[in-house]
J.: 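Got a structure here, written out as structure tokens. Questions coming.
Atoms within a ligand are numbered from 1 in the order they appear, just like the ligands themselves.
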Amino acid sequence: MMKMNFDLDALFIEHGCADSTLAARIIRSIPAGVPVHHVADAREVARPAHDARDPFGAGKRQMIIARRKTPFLMACPAGSSKFACCGYLVLTLASNCPMDCSYCFLQEYLADNPAFQVYANFADSFAELNRLVKSAPGRSFRIGTGELADSLAFDSITGISRELVRFFAAYENLTLELKTKTDEIENLLDLDPRGRVLVSWTLSSDNVYRSSEHRTASPTARIAAARAVLEAGYRVAFHFDPLIAYPGAERDYVRLIDELLDSVPAKKISFISMGGLRMTPALRTIARHRFSTDPMLCGEDVLASDGRFRTFTPLRLKLYRTLEERFRKAGAEIPAYLCMEPASIHERVFGEAPIKPAGLGERLASSRPI
Ligand code: SF4
């Protein structure tokens with residue numbers, strides 16, 4: 001069993017989940033001193049009283065094992081007719097995250113959460129996936145677990161990645177995307193994903209990592225982990241999201257890509273995505289309050305028509321183009337898309353209109369590096 005690499009002040013187990021396989025695994029893996037409480041309903045769990053200054057941060061040190069009562073599978077909440085999006089499906093096996101990035105949208109989306117949750121009935125998601133496959137024969141789907149939580153943040157104590165990999169390996173037209181900022185890959189290395197599991201890393205420059213991505217693995221450690229899973233038979237992809245325009249950003253991101261391409265050959269990268277820093281007014285207020293000294297939250301931004309503060313367009317276009325050019329120079333045609341940007345920005349970066357979300361989703365799901 002891997003070593004748990006985050007702090008846990010308390011574990012809560014909802015009625016009916018105590019005998020689950022997941023609860024048994026977690027109890028076996030957490031340090032002996034962590035108090036375990038049994039509750040009738042996960043909604044009874046309160047925020048820790050000892051940290052009134054940052055209750056959301058304190059909630060990142062409490063875990064709830066509960067039963068998920070709503071479907072596990074849904075369309076990506078970032079998808080909308082306004083954006084040139086990628087037709088992604090989200091599988092929610094956990095919510096909230098023990099890491100703490102200053103720009104993370106969960107600070108607003110899950111603002112009242114007293115803890116992070118994992119779902120004891122996660123295996124029910126396999127029945128939902130079976131129904132999806134039967135409902136659309138011949139179509140390919142890319143399904144990710146990294147929307148409301150980091151896909152591998154809890155894997156040292158839940159081991160869920162092993163069940164997921166074995167399940168997806170059996171389906172030709174499903175691609176699982178495990179999206180992470182950790183280097184917790186040990187559970188993956190001795191399995192055969194049969195080309196159907198992609199592990200993707202969000203990569204940021206060292207300056208962004210140091211000022212904004214608390215308790216994550218360093219960019220160098222993420223790249224080393226990518227190299228290791230590639231050698232173990234997994235596909236790999238990279239998200240440059242959020243790209244943050246600060247003085248020296250272009251130089252730093254080019255350096256980051258150079259470091260990446262030294263370890264992972266361009267032709268082995270399944271795709272890249274890029275997205276500029278964007279925050280709703282509420283998220284911007286929360287983030288600036290919780291991380292008042294983070295310079296990355298104070299760049300030049302404007303309130304865009306979708307109601308989010310975005311990096312001033314010429315600055316983010318410059319960053320997109322710098323990255324696109326660096327990857328193009330690497331000589332391999334790496335599929336690329338922009339996250340939550342309108343088609344007009346896509347055209348200005350790539351010189352062509354984006355393909356429709358469903359088509360792009362299928363292409364990303366089925367594109368295999370050479
Ligand atoms: S790793 Fe991802 S989910 Fe976790 S805090 Fe950072 S941005 Fe949020």
J.: Between F126 and F168, is the ring centre distance below 6.0 Å?
T.: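 Not under 6.0 Å, so no.
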J.: Do S204 and E213 have a side chain donor and acceptor closer than 3.5 Å?
T.: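 The answer is yes; a qualifying pair exists.
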J.: Start with the C-alpha gap between F116 and F154, add the side-chain angles, then the distance that decides, and say whether ring-ring contact (aromatic ring centres under 6.0 Å, His included) holds.
T.: CA-CA 10 Å; F116 43 79; F154 310 111; 4.8 Å; yes
J.: Are H346 and Y337 an aromatic pair, judged by ring center distance below 6.0 Å?
T.: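 They do not qualify: ring centres at least 6.0 Å apart.
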J.: Counting only heavy atoms from other residues, nucleotides and ligands, does the tally under 6.0 Å from NE2 of H15 exceed 12?
T.: no
J.: Does one side chain, of Y246 or D252, offer a donor that lies under 3.5 Å from an acceptor on the other?
T.: yes
J.: When you check the space around atom 6 (Fe) of ligand 1, which protein N, O or S atoms turn up under 2.8 Å?
T.: C101 SG
